Amino acid sequence: MKSQDDTASKKSNFINDLIKADLESGRFDSRVQTRFPPEPNGYLHVGHAKAICVNFNISREYSGVFNLRYDDTNPVTENTEFVDGIFEDLEWLLGETLQREPLHTSTYFDQLYIWAEKLIQDGKAYVDSQDGDTISEQRGGFQKPGTNSPYRERGVEENLNLFREMRSGKFSDGECVLRAKISMDHDNMNMRDPIMYRIRHENHYRTGDDWCIYPTYDWAHGQSDAIEKVTHSLCSLEFDSHRELYDWFLDQLEITGADRPYQTEFARLNFTHTVLSKRLLKHLVEQKVVDGWDDPRMPTLRGFRKRGYPARAIRSFCEHIGVARTNGTHEIELLESFVRNDLNKAAERKMAVLKPLLVTITNWPEGHVETRTAINNPEDDTAGTREVPFSGSLFIERDDFMENPEPKYYRLSPGREVRLRYGYFITCTDVIKDDQENPIEILCTYDPETSGGKAPDGRKVKATIHWVSAEHAIDGSVALYERLFTSEHPGEETGEALDDVNLDSKTLLEGVKLEPSISDLPLGSVVQFERLGYFHLDATGPTFFHRTVGLRDEWANIVKRRKSS
RNA sequence: UGGCCCGUAGUUCAACUGGCAGAACGCCUGGUUUUGGUCCAGGAGGUUGCAGGUUCAAGUCCUGCCGGGCCAGCCA
């Protein structure tokens, strides 16, 4: 999997091609500046991660500038909780502190207002005193041209006065708007006299009650880019049809040459078994399908963090997938493979038994305890070793014993010998069962010659299983997670994604048996429980782990294949 | 229905701008292994959406069709 790391950085893509061309032509005097412009009305998710990485990496690669800009033009939905959350998640993702202070579209409200007056003065904008429904009707349809507003031909002075009255608070919400005067029969609906300002008597989290009119996205965005000297304004594909308007505004303001940014769209990120729309994510939180925005099943950045995904793995993933204009859906397994790949090298190994089954070694000296040396990380020589207590009473994984073994199952079963990792070879001699015929205790003998797991006679054993000494084990809890949505493309059947919610996506395991060294683990650690997967120690409860992702599992594949054939 | 965008392995992307269609993930086989993990070697998988055209040569250029996406918020 080596190329998962190496190929990543310098992939060619159409945006890099554009930038190289701009550098060659000197279009921006050799400057490259990008930005990430989230609206602070929700938390960041993986889709945003791609946009962040694309913009950030470009600035890196061309020694340019990258800014975080809150696109805070709508006081109704935005608040500081999201502002702070976005900042925190962004720095976590990037793995570094932002070099520049975050910017805000609201900082430019004054300049935007001055420019709006200029447009009015130039006869390029007018105040429309109709209500929303009327304006909407007049916009026409896809093959039906719009009709002009009766207020479209108001004079400059009247427009100016009206606009100033709008600003001063004379009108109530919705009474009138400022519109760009372009064309009501344009093929591009966004060009049919788009709205520039609407009235909102609303407190803005930054500007307070300074304003009661707020600029729309279209009016604010390109101009904010220009004010900040952004060169490459990258956004997602659905803004394609807004580009014409973006350019139109810059034209009217005569922003040209090296000062004029241009918009380029690329495909946003989608995943199988996942929804990324703010509406749906919010629904999951509000209906308590999940335990908040940071639930480890959520595709939010804080959800991923809580689950134990390393930010570095998400970054590698984003670099790997590149940018294109093709809309598509990534397999969630690809992201998971990046997480495993990262954690395989970074995570220390521990032994933990999730579903304990008692093993008694009948020929073990009564009361005897040994200390075994275990390797912390076979992928990292510097990680060292640790001591693990071994005794005649152990827990093994319930799944590691099968009374009547299926073909190709080569873990423990009656009469069979396996290796206890770092311990001894043991052979199952007897099974003790409850009324329901469930094994509750396994009796084994051990071979004292196989200390450390090596047989001096060279005999081989098919399986090595993990274990925890019963009297030394510490108890903990583990949360196992499945996909939040059962279908690959949520809603593909019914059209409603929520119909495919997996209501059984979380399994809480109590009384999990952990090797003693886990009590020294700092909160926030992500470790590999050998043969099980990666787990994140979190403050959700005392000694509480979230399963980040399982290991690849050949046996599970065999079982699955057997079932489907 | 009008306009715009997009169709290359199962999936996501490459293919130096017209020159033998490649990679990653997934899948399969084998090797190594004290994790059924990792690692290593190999394999299957393609009529480049379809049909024409230009050319010695087309994934790449042209035309038409088909399929998917986006656009009719005082959201972004």
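Labels below follow one simple rule: chain letters A, B, ... track the order of the sequence lines, proteins then strands, and each chain is numbered from 1. Owing to the predicted nature of the structure, the values given are computational and were not obtained by experimental measurement.
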Inset, instruction - Could you work out which one of B:C39, B:U35, B:A24 sits closest to the side chain of A:H320? - result: B:A24
Legend entry - Nearest heavy-atom neighbours spanning A:R483 and A:H273: CD-CG, 3.5 Å
Inset, instruction - For A:G328 and for A:Y409, find the nucleotide of RNA chain B with the closest heavy atom, then tell me which residue's nucleotide is more 5'. - result: A:G328
Inset, instruction - List for me each residue that meets side chain to side chain donor-acceptor pair (under 3.5 Å) alongside A:Q528, sequence neighbours excluded, and say none if there are none. - result: A:Y534
Legend entry - Base of B:G36 paired with side chain of A:R411 (donor-acceptor, under 3.5 Å): yes
Inset, instruction - Look at A:R198 and B:A76 and indicate whether a side-chain polar atom (N or O) is within less than 4.0 Å of OP1 or OP2. - result: yes
Legend entry - Pair of N/O donor and acceptor under 3.5 Å linking B:U1 base with A:Q143 side chain: yes
Inset, instruction - Please confirm whether any donor atom in the side chain of A:R349 sits under 3.5 Å from an acceptor in the base of B:U35, or the reverse. - result: yes
Inset, instruction - Can you sort out the partners of A:F485 under ring pair (Phe, Tyr, Trp, His ring centres under 6.0 Å), two or more places apart, ordered by chain and number? - result: none
Distances under 3.5 Å only, N/O to N/O: pair up the protein atoms with those of nucleotides 30-33 of chain B.
none

Show the atom names and distances, to 0.1 Å, of all donor-acceptor pairs under 3.5 Å that link a side chain in residues 325-334 of chain A to residues at least two apart or in another chain.
{"from": "A:R325", "atom 1": "NE", "to": "A:E265", "atom 2": "O", "distance (Å)": "3.4"}
{"from": "A:R325", "atom 1": "NH2", "to": "A:D240", "atom 2": "OD2", "distance (Å)": "3.2"}
{"from": "A:R325", "atom 1": "NH2", "to": "A:E265", "atom 2": "OE1", "distance (Å)": "2.2"}

Inset, instruction - By nearest nucleotide on RNA chain B, pick out whichever of A:L532 and A:D173 is the more 5' one. - result: A:L532
Inset, instruction - For B:C27, take OP1 and OP2 only and decide whether either is under 4.0 Å from a side-chain N or O of A:N557. - result: yes
Inset, instruction - Please list, chain by chain and in numerical order, all residues satisfying ring pair (Phe, Tyr, Trp, His ring centres under 6.0 Å) with A:H466, sequence neighbours excluded. - result: none
Inset, instruction - Have a look at A:H242 and say if it touches a base, only the backbone sugar-phosphate, or nothing, with a 4.0 Å heavy-atom cut-off. - result: base
Inset, instruction - May I have the distance from A:L245 (atom CG) to B:A76 (atom P), rounded to whole angstrom? - result: 13 Å
Legend entry - A:F338 CZ - B:A24 C1' separation (whole Å): 7 Å
Inset, instruction - Ignoring backbone atoms, test whether A:S12 places a side-chain nitrogen or oxygen under 4.0 Å from the OP1 or OP2 oxygen of B:A15. - result: yes
Legend entry - For A:T450, side-chain contact (heavy atoms from CB on, under 4.5 Å) partners two or more places apart: A:Y424, A:F425, A:D447, A:A455, A:R459
Inset, instruction - Tell me what A:T73 touches on the nucleic acid: a base, only sugar-phosphate, or nothing, going by heavy atoms under 4.0 Å. - result: sugar-phosphate
Legend entry - For atom CD of A:E238 and atom C1' of B:G73, their distance in whole Å: 14 Å
Legend entry - Donor/acceptor link under 3.5 angstrom from A:E379 side chain onto base of B:G37: yes
Legend entry - Identified stems (criterion: three or more consecutive Watson-Crick or G-U pairs, under 3.5 Å), RNA chain B: B:2-7 with B:66-71, B:10-13 with B:22-25, B:27-31 with B:39-43, B:49-53 with B:61-65
Inset, instruction - Measure from the side chain of A:Y410, starting at C-beta and using heavy atoms only, and say which of B:U35, B:C74, B:G36 lies closest. - result: B:G36
Legend entry - Qualifying residues under ring pair (Phe, Tyr, Trp, His ring centres under 6.0 Å), relative to A:H186, sequence neighbours excluded: none
Inset, instruction - Report yes if the distance between the aromatic ring centroids of A:Y309 and A:F317 is under 6.0 Å, otherwise no. - result: no
Inset, instruction - Tell me which nucleotide among B:G36, B:A76, B:U17 gets nearest to the side chain of A:D17. - result: B:U17
Using atom types as modelled, flag every donor-acceptor pair under 3.5 Å from a side chain in residues 170-178 of chain A to any protein atom, sequence neighbours excluded.
{"from": "A:S172", "atom 1": "OG", "to": "A:E175", "atom 2": "OE1", "distance (Å)": "2.9"}
{"from": "A:D173", "atom 1": "OD1", "to": "A:H201", "atom 2": "N", "distance (Å)": "2.8"}
{"from": "A:E175", "atom 1": "OE1", "to": "A:S172", "atom 2": "N", "distance (Å)": "2.8"}

Inset, instruction - Would you check if the distance from the ring center of A:W555 to the ring center of A:Y409 is below 6.0 Å? - result: yes
Legend entry - side chain to side chain donor-acceptor pair (under 3.5 Å) partners of A:D380, counting only residues at least two apart: A:T382
Legend entry - Nucleotide B:G26, atom P - distance to NZ of A:K560 in whole Å: 12 Å
Atom pairs under 3.5 Å: protein N/O with N/O of nucleotides 3-9 of chain B:
{"from": "B:C4", "atom 1": "O2'", "to": "A:D240", "atom 2": "OD1", "distance (Å)": "3.0"}
{"from": "B:C5", "atom 1": "O3'", "to": "A:R325", "atom 2": "NH1", "distance (Å)": "2.8"}
{"from": "B:C5", "atom 1": "O2'", "to": "A:R325", "atom 2": "NH1", "distance (Å)": "3.0"}

Legend entry - Partners passing side-chain contact (heavy atoms from CB on, under 4.5 Å) against A:Y246 (at least two apart in sequence or in another chain): A:H221, A:D225, A:S233, A:L250, A:P261, A:Q263
